2 protein chains.
Amino acid sequence: MDVRTVCLGLLSEADRSGYEIKKLLEDGPLGNFVEASFGAIYPALTRLTEDGLVEFRTEVQDGRPDKKTYSLTPAGRETFRKALAEPISPDRFRSDFLFVLWFAETLEADYLSEILDHRIAEFEAKIARIKSEHDRPEGPGPAFVAGQAIAIITAAKTYLEENRHLIEADSRTRIKTPRSFDATVLGD
Amino acid sequence: MDVRTVCLGLLSEADRSGYEIKKLLEDGPLGNFVEASFGAIYPALTRLTEDGLVEFRTEVQDGRPDKKTYSLTPAGRETFRKALAEPISPDRFRSDFLFVLWFAETLEADYLSEILDHRIAEFEAKIARIKSEHDRPEGPGPAFVAGQAIAIITAAKTYLEENRHLIEADSRTRIKTPRSFDATVLGD
DNA sequence: AGAAACATGTAATCGGTTACATGATTAT
DNA sequence: ATAATCATGTAACCGATTACATGTTTCT
């Protein structure tokens, strides 16, 4: 989803600044599926303003740059409504971690165990974080999305835990044979 | 994972052409987590050759352009080994579908049901496809990755099936009230 | 007859990231 | 003291996608 549409969507819920949009994506459950950097958000809001889809009021602040709070115009609301009806492009799950595991056989046993442990711990942390946010419900859509995130991450974590022996076993036990046998056993 | 490393990795398993690398990512389980277009693969292989990490032999063909079959050089193998030991960047799950569902309340009931049905059917198709490929095992790493793909997609699908009522219910039943009531009920 | 698979490559474009610039306030 | 939060914005860069160019063979 392009950054412009993401901004439009988050502004359809409430008036917000660019900074707040970024934080929402960083901390909230939606951030699991949608990302955007400041360098993308600020220019997007500028263009959206030029196109008459959003407008902003400036709140003067002490010390900091003035805060620009954006709100949707009727045209912006309509554009977003149409964007939601557009064909939905397929999910993209990119994982360098699984690319590395594809070559599990070639990895050192200790390193493999380490990255598996690390990944499982990361998943646990993420689940805990989503659940704590999840407590304060914000409506059916967001709650549903948060639940989906938890379901997916939990499944990934459980799979790792229950099947890691498949890649941690075989060649690795062989590597652990006494040194005198190494040359022969690893020969082929 | 950058395209160069992906090429290196797939060439570490077997000698392959650019076209074959692309097909492998398109059809195989690894494609669920790693993508690359021709426009990225061909230049990557050219640069890898210039850098001495791969080399190729040309197989003359009838009618088609000559097929270039690439193989890793020792330097390429070493570079890949090091790449696997590098810090692994986090997974990125991008989903326009879940972005749309975030705004479930604002969607028309029929449209919402339609995209949910469609998505579930897609998941089923994908699972079936991975399972059929999965039959011919190619080693623990690939089997493990394929299994992880199935686990994740199955969890996503199950979640949709079991929880869709949460977003299909409430405001939607209201919309289905007799026409005479619409203006009042939808007023707020 | 027409689509899909086979096969490589280039060029234009693009959406987005990273880094930089600036600087006060508040929490650790 | 030091890091993090708040707050916006620009510019350089980059990896990658899309579209184009070319042309045969095989499947439907």
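Because the structure is predicted, anything quoted here is derived from the model rather than measured. As a basis for the values below, the full set of heavy atoms in this structure was taken, side chains included, without hydrogen atoms, waters or symmetry mates. Labels below follow one simple rule: chain letters A, B, ... track the order of the sequence lines, proteins then strands, and each chain is numbered from 1.
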Contact class for A:S17 (heavy atom, under 4.0 Å): base, sugar-phosphate, or nothing? sugar-phosphate
Between A:G39 and A:P65, name the one whose nearest nucleotide on DNA chain D is closer to the 5' end. A:P65
Check: B:L53 main-chain N/O paired with B:T73 side-chain donor or acceptor under 3.5 Å: yes
Looking only at side-chain atoms of A:P43, point me to the closest of C:dC6, D:dA16, D:dT10. D:dT10
C:dA24, OP1 or OP2 - any side-chain N/O from A:Q61 closer than 4.0 Å? no
Would you mind reading off the distance between B:E26 atom CD and C:dC6 atom C1', rounded to a whole angstrom? 12 Å
Distance-only polar pair, side chains of B:D96 and A:S89, donor-acceptor under 3.5 Å: yes
Regarding B:E122 and B:K126, does a basic nitrogen lie under 4.0 Å from an acidic carboxylate oxygen? no
One should read off an interatomic distance between B:Q148 CD and A:F97 CZ, to the nearest 0.5 angstrom, of 7.5 Å
Atom pair distance, as rounded to whole Å: CG in A:D66 and C1' in D:dT8: 10 Å
Provide, to the nearest angstrom, the distance between the CZ atom belonging to B:F38 and the P atom belonging to C:dA5. 11 Å
Please state how far atom CE in A:M1 lies from atom C1' in C:dC14, giving the value in whole angstrom units. 18 Å
Whole angstrom is fine here: how far is it from CD in B:E35 over to P in D:dT17? 7 Å
Atom-to-atom span, CG of B:L24 to C1' of C:dA7 - whole angstrom: 16 Å
Rounding to an integer number of Å, can you tell me how far B:I21 CD1 sits from C:dC6 C1'? 15 Å
Kindly say if A:Y19 contacts the phosphate of D:dT8, meaning a side-chain N or O under 4.0 Å from OP1 or OP2. no
When rounded to whole Å, the CZ to C1' distance for the pair A:R47 and C:dG16 reads 14 Å
Closest nucleotide among D:dC6, D:dA16, C:dA7 to the A:K23 side chain: D:dC6
Distance test, side-chain N/O of B:Y42 to OP1/OP2 of C:dT8, below 4.0 Å: yes
Within the structure, does a side-chain N or O atom of B:K68 lie under 4.0 Å from either OP1 or OP2 of C:dG9? yes
Could you give the distance from CG (B:L8) to CZ (A:F103), rounded to the nearest 0.5 Å? 9.0 Å
Below the 4.0 Å mark, does D:dT18 have OP1 or OP2 next to a side-chain nitrogen or oxygen of B:S37? no
